[in-house]
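Counting starts at 1 for both ligands and their atoms, in listed order.
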Amino acid sequence: MRLVKLIANLGYGSRKEIQMAIRNGWVTDKQGNRLKADSKTAFDDILFDDEPLDPAPGVVILMHKPEGYTCSIKDQGQLVYDLLPDRYRMRKPVLSTIGRLDKETSGALIFTDDGTFLHKVISPKSEVPKIYEVTLDRPLKGDEVELFASGGMMLESEVKPLKPAELEVLDDTHARLTLHEGRYHQVRRMFAAAGNHVTELSRSRIGSLGLEGLAEGQWKVLTEDDKALIFA
Ligand code: URA
């Protein structure tokens, strides 16, 4: 791909602006040589304004989403994209989230521009479990573990029963729930159906990939090893 298109697609500016940046000598290789629009420099050797380029297309990002941020590219209020550099919104192919977390849910959220990877994560065939840490308004009654594991639980206005889910009771009002599917507001609706109310919700893991070392609001580009953890 031509240098201008490549850099424009990463969101650094319009093609015109990138042509100008090249003419102004802002695009160089690591040795400081100015690049031209038709230069065939390896991606990792390209600097824009003395900085390495953002990750090439095919990127996968893990964010520790804070509460209060909406999983949307355009919406009112604080958006998860506000936590990434501005130009990430302009990338082509588009960087989208793999599934969503509610505005009031925190935790592990993955972004990618790789459609094949996205489908692999959400495909029922991959059976990627998602693990949620739940705080409840009222003490657990004692029948929730069995109810959630039954495979027969129906949520209001749905026609298919939920797949069995594993609930680990931590104490009266705290539990860890492992889901093997992703229905709308699923965790909150499951506890509502069990006569309770979720007051705090956080996704701690997607497969075996956790948030170790990532504070709320922070994010990182996943390595191949990190990506493999999702399916481990
Ligand atoms: N279940 C919910 O209820 N909310 C989320 O954000 C994720 C799962």
ILVMFWY clustering at 4.5 Å (side-chain atoms), partners of [X]:
X: Leu170; result: none
X: Val159; result: none
X: Leu214; result: Val60, Leu62, Ile98, Ile110, Phe117, Leu118, Val121, Ile122, Val128, Ile206, Leu209, Leu211, Leu222, Leu229, Ile230, Phe231

**OP:** Kindly indicate whether the side chain of Pro85, heavy atoms from C-beta on, has any atom under 4.5 Å from the side chain of Asp54.
**Re:** no
Original post:
Just one of Glu133, Glu216, Glu200 clears the side chain to side chain contact (heavy atoms under 4.5 Å, CB included) bar with Ser106, so which one?
Top reply: Glu216
Original post:
With hydrogens left out, which residues have an atom under 4.0 Å from ligand 1, given that only heavy atoms count?
Top reply: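 Within 4.0 Å of ligand 1, the protein residues are Leu101, Asp102, Thr105, Tyr132, His185, Gln186, Val187, Arg188, Leu201.
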**OP:** Give a yes or no on whether the backbone of Thr223 and the side-chain of Asp226 come within a donor-acceptor separation of less than 3.5 Å.
**Re:** yes
